[in-house]
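Shown next, in structure tokens, is the structure this report addresses.
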Amino acid sequence: MRCSHILHRVDDIHAAVRAFQQVGFTVVHGRRPDRSSNALIWFEEGPFIELVRVPRLSLPLRWAVQLYGGRGLRRRVERWAGEDHSWIDVSIETDDESIGAERDRLVAAGVPMSRILNMRRVTPDGVTLRWQLAVPQDPSLPFAMSAYRPSARPERVVHANGATAVARVHVAVPAATRAAWQSLLDGADPWIRLADGDGDGVRLVELSGLTAPLDLESIGGLPLQPVDSP
């Protein structure tokens with residue numbers, strides 16, 4: 001499997017969309033704007049960036065999440081809600097329309113996983129997308145997903161700031177979870193760079209093609225920079 005996308009937590013999805021547009025990104029809502037809680041920054045190839053509003057986690061909502069996706073999903077959503085406004089997660093994907101084979105491989109390798117979760121959403125254009133998730137019980141590990149059916153990636157993507165692709169995703173990984181990470185990736189990933197660290201999670205995302213450094217203050221100081229910048 002390989003890197004699918006990186007998630008950034010926001011409080012107000014509409015304000016976040018405007019802020020990222022102002023620094024030169026083309027941003028599309030995941031659903032109709034009046035119903036959307038996420039938005040996407042696509043590139044013509046490689047990982048995309050997802051802006052996501054995490055709801056306030058009342059006790060009934062926590063139990064609803066656990067009922068649907070098990071304790072692993074509940075722990076993950078609680079982790080999202082407890083993170084600061086930076087990168088909160090990373091996803092990996094397969095080209096297959098089912099995540100079943102990868103889930104079975106991971107369980108056999110000793111990585112406890114959720115059951116297969118069938119997902120769907122309707123895009124602003126009215127297209128129904130379907131995909132599957134499998135979530136590790138350890139929320140510090142990336143969650144796994146199948147390919148979208150049909151493909152959600154636009155054929156042509158132009159960003160006013162010149163960005164053409166995610167170049168690298170730097171992730172801090174404690175020694176205790178490195179073997180699980182290697183099982184999840186099942187080989188070298190073109191984008192994810194693992195680094196030893198006391199903490200865990202995405203620390204920096206680098207982009208190719210940017211014509212100038214981003215105004216990071218406008219997007220909440222997000223660790224996002226041109227590839228190989230100082």
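Along the sequence shown, residues are numbered consecutively beginning with 1.
Summarising the geometry of A134 relative to P136, their closest heavy-atom pair is O-CD, 3.8 Å, with the distance given to 0.1 Å. Pairing each heavy atom of R105 with each of L184, the nearest pair is NH2-O, 3.5 Å. The two residues L224 and L216 have their closest heavy-atom pair at O-CD2, 3.2 Å. Here the closest non-hydrogen pair linking V157 and P154 is CG2-CB, 3.9 Å. Of all non-hydrogen atoms in T94 and I99, the two that sit nearest each other are CG2-CD1, 3.7 Å. Closest heavy-atom contact between P142 and D89: CA-OD1, 4.4 Å.
Counting only distance, with no hydrogens or angles, the side chain of R76 and the backbone of V135 share no donor-acceptor pair below 3.5 Å. No donor-acceptor distance shorter than 3.5 angstrom exists from the side chain of S183 to the backbone of L106, with no hydrogens or angles considered. Panel note: side chain D189, backbone W191; a donor-acceptor pair is recorded below 3.5 Å. In terms of modelled atom types and a separation under 3.5 Å, the side chain of S91 and the main chain of F143 share a donor-acceptor contact. At distances below 3.5 Å, at least one donor-acceptor pair connects side-chain atoms of T164 with backbone N or O atoms of S208. Using a distance-only test at 3.5 Å, with no hydrogens or angles considered, no donor-acceptor pair links the side chain of R75 to the main chain of D138. Panel note: side chain N161, backbone A163; a donor-acceptor pair is recorded below 3.5 Å. For S146 (side chain) and Q132 (main-chain N/O), a donor-acceptor pair under 3.5 Å exists by modelled atom type.
Using a 4.5 Å cut-off between side-chain heavy atoms of Ile, Leu, Val, Met, Phe, Trp and Tyr, with links allowed through other members, I92 and V173 fall into the same hydrophobic cluster. Hydrophobic clustering of Ile, Leu, Val, Met, Phe, Trp and Tyr side chains at less than 4.5 Å, counting indirect connections, keeps L207 apart from F48. When hydrophobic clusters are built by joining Ile, Leu, Val, Met, Phe, Trp and Tyr residues whose side-chain heavy atoms come closer than 4.5 Å, directly or via intermediates, V28 is grouped together with Y148. M119 and L7 fall within the same hydrophobic cluster, defined by Ile, Leu, Val, Met, Phe, Trp and Tyr side-chain heavy atoms under 4.5 Å apart, directly or through other members. L214 and V227 fall into different hydrophobic clusters, where Ile, Leu, Val, Met, Phe, Trp and Tyr side chains are chained together by heavy-atom contacts under 4.5 Å.
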**Message:** Go through it in stages, so that I can follow the logic: the residues are F20 and L222, the test is side-chain contact (heavy atoms from CB on, under 4.5 Å), and I'd like the CA-CA distance, side-chain angles, deciding distance and then a yes or no.
**Reply:** CA-CA 11 Å; F20 277 82; L222 189 66; 3.9 Å; yes
**Item:** Trace of the side-chain contact (heavy atoms from CB on, under 4.5 Å) decision for R130 with E97
**Value:** CA-CA 9 Å; R130 291 182 169 83; E97 292 186 354; over 6 Å; no
**Item:** Residues D95, R2; criterion salt bridge (charged side-chain N to carboxylate O under 4.0 Å, His left out); working and verdict
**Value:** CA-CA 9 Å; D95 289 327; R2 63 182 181 276; 2.5 Å; yes
**Request:** Tell me, with the steps shown, if R103 and I116 meet side-chain contact (heavy atoms from CB on, under 4.5 Å).
**Result:** CA-CA 8 Å; R103 179 193 176 278; I116 293 173; 3.8 Å; yes
**Test side-chain contact (heavy atoms from CB on, under 4.5 Å) applied to L61 and V77, step by step** = CA-CA 10 Å; L61 181 55; V77 175; over 6 Å; no
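One finds the CD atom of E78 at 6.5 Å from the CG atom of L57 (value rounded to the nearest 0.5 Å). Taking CZ of R18 as the start and CD1 of I13 as the end, the distance is 10.5 Å to the nearest 0.5 Å. Rounding to the nearest 0.5 Å places OG of S98 at 8.0 Å from CZ of R149.
Around the CD atom of E44, the shell of radius 6.0 Å holds more than 12 heavy atoms that belong to other residues, nucleotides or ligands. Counting non-hydrogen atoms of other residues, nucleotides and ligands closer than 6.0 Å to CZ of R193 gives a total above 12.
Figure legend: R115 and Y68 shown as a cation-pi pair, the cationic atom lying under 6.0 angstrom from the six-membered ring centre and within 45 degrees of its axis. Both tests hold for R74 against W63: distance to the six-membered ring centre under 6.0 Å, angle to the ring axis within 45°.
For the pair P47/I6, a side-chain contact is recorded, criterion being any heavy-atom separation below 4.5 Å from C-beta on. Using a 4.5 Å heavy-atom threshold, the side chains of R121 and W131 count as touching. Using a 4.5 Å heavy-atom cutoff, the side chains of Q21 and V27 are in contact. Contact check for P150 versus L129: side-chain heavy atoms found under the 4.5 Å cut-off. A 4.5 Å side-chain heavy-atom check between P223 and S86 finds at least one atom pair inside the cut-off. Using a 4.5 Å heavy-atom threshold, the side chains of H170 and E206 count as touching. Considering only heavy atoms from C-beta on, L133 stays 4.5 Å or farther from L73 through its side chain. A 4.5 Å side-chain heavy-atom check between P174 and D200 finds at least one atom pair inside the cut-off.
Note on ring orientation: taking the six-membered ring where Trp is involved, the planes of F25 and H159 are perpendicular (angle over 60°, cut-offs 30° and 60°).
The only member of R9, H5, H8 that meets side chain to side chain donor-acceptor pair (under 3.5 Å) when paired with E50 is H5. Between W87 and the choices I49, V171, V169, the side chain to side chain contact (heavy atoms under 4.5 Å, CB included) rule is met once, by I49.
Salt bridge R178/D196: present, at least one basic N to carboxylate O contact under 4.0 Å.
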